[in-house]
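I have placed the structure first, in the form of C-alpha cells, so that the comments after it can refer back to it.
The first residue of the sequence shown is numbered 1, and numbering continues consecutively from there. Excluded from the calculations below are hydrogen atoms, water molecules and symmetry mates; all remaining heavy atoms, backbone and side chain alike, are included. Owing to the predicted nature of the structure, the values given are computational and were not obtained by experimental measurement.
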Amino acid sequence: TERTAGKAIAGPHPSLVFVIGSELRGPIGEAIQKAEGRSVLIGNRLDSIGVPSVMLDDGQSIRLAIAHLRAAGHRKIGLISADADLPISRLQKSVWLGECAGEATPEELENRVISVPMPRFECPAMQAYTTMLEYFRSGRADMTAFFCQVDEMMPGILAALREVGLFVPQDMSV
C-alpha cells in the first residue's frame with residue numbers, strides 16, 4: 001500500500017523513488033518530503049521544496065528513437081500510448097507528432113496512436129497484450145515500428161506480436 005511505501009521511504013535508508021504525479025499528493029509524497037534528502041525523486045520535480053529530483057529529456061529520447069527507426073528504414077512509426085493525462089505522456093506524444101508530422105495527415109497520425117488503458121493496480125503487460133491483439137486483429141495494422149511509452153508494457157506487446165505471427169525485429173520494431 002501507499003502507507004507502507006511511505007514508511008519505507010521515510011525510514012533511515014536512502015531511497016530512489018519513481019512515482020506518478022497523483023502519488024506525490026498522498027502518503028508517498030509526504031514521506032518523500034520528510035526523508036530529508038535520503039530519497040531521490042526520479043521523473044518528477046520537488047527540488048523547489050528540498051527533495052533531490054532527477055528529470056530526463058524525454059523529448060530528445062523520442063527524437064533519437066524516431067531517428068534510429070527511420071535509419072533502419074521504417075516510415076510508418078506508431079505510438080503505443082499510456083495514460084494521456086500525465087504530463088510526460090502528453091510531452092512524448094507531442095514530440096512524436098512533431099517528428100512524424102511531415103509523413104501523414106493529422107487524422108492519419110491519430111490513427112497511428114494505440115492507447116493502452118492503464119487502470120491503477122492492473123498489469124501494464126496484460127493491458128498492452130489485450131489492446132495490441134485487438135489492434136492487430138482489426139485489419140488496420142500497417143505500421144512497421146512502434147514507439148512505446150511504458151516499458152512495462154513490452155512483454156505484452158511482444159506476446160501479442162508472436163500470437164499474430166509477427167516477430168521482432170524481422171517484421172516489426174518496438
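Closest approach of Leu109 to Trp96, counting heavy atoms only: O-CH2, 3.4 Å. When all heavy atoms are compared, the tightest approach of Val150 to Ala82 is CG2-CB, 3.3 Å. The two residues Ala159 and Tyr129 come nearest to each other via the heavy atoms CB-CD1, 3.8 Å. The shortest heavy-atom contact between Cys148 and Ile157 is SG-CD1, 3.5 Å. The shortest heavy-atom contact between Leu91 and Gly59 is CD2-N, 4.2 Å.
Although no hydrogens or angles enter the test, the distance criterion places a donor-acceptor pair under 3.5 Å between the side chain of Glu108 and the main chain of Thr105. Checking side-chain atoms of Glu152 against main-chain N and O of Pro124 turns up no donor-acceptor pair under 3.5 Å. Proximity of a side-chain donor or acceptor of Ser94 to a complementary backbone N or O of Arg90 within less than 3.5 Å is not detected. The closest donor-acceptor contact from the side chain of Gln149 to the backbone of Ser89 lies under 3.5 Å.
Partners of Glu134 under the side-chain contact (heavy atoms from CB on, under 4.5 Å) rule, at least two apart in sequence or in another chain, do not exist in this structure.
Residues Met143 and Leu158 are members of one and the same hydrophobic cluster, defined by side-chain heavy-atom contacts under 4.5 angstrom among Ile, Leu, Val, Met, Phe, Trp and Tyr. By the rule that hydrophobic residues join a cluster once side-chain heavy atoms approach within less than 4.5 Å of another member, Val164 and Ile114 end up as members of one cluster. Leu79 and Phe136 are assigned to two separate hydrophobic clusters, defined by single-linkage of ILVMFWY side chains at heavy-atom distances under 4.5 Å.
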Which atom pairs, one a donor and one an acceptor, fall under 3.5 Å between side chains of residues 167-174 and the rest of the protein, sequence neighbours left out?
from   : atom 1 : to     : atom 2 : distance (Å)
Asp171 : OD2    : Phe167 : N      : 2.8
Ser173 : OG     : His74  : NE2    : 3.0

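Looking at heavy atoms from C-beta onward, Asp58 lies out of side-chain contact with Val95 at the 4.5 angstrom threshold. At a threshold of 4.5 Å between non-hydrogen side-chain atoms, the residues Met132 and Phe146 count as touching. Between Thr144 and Arg75, the closest side-chain pair of non-hydrogen atoms is not below 4.5 Å.
Between Arg112 and Glu107, no side-chain nitrogen of the basic residue sits less than 4.0 Å from a carboxylate oxygen of the acidic one, so the salt-bridge criterion is not met.
Annotation: the span from Gln92 atom CD to Leu97 atom CG amounts to 12.0 Å, rounded to 0.5 Å.
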Query - Verdict with reasoning, Glu163 to Arg137, per salt bridge (Lys or Arg N to Asp or Glu O under 4.0 Å) - result: CA-CA 10 Å; Glu163 188 157 324; Arg137 292 178 175 162; 2.9 Å; yes

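Applying the side-chain hydrogen bond (donor to acceptor under 3.5 Å, both in side chains) test to residues at least two apart or on different chains, the pairs with a partner in residues 60-72 are Gln60-Arg63, Arg70-Glu103.
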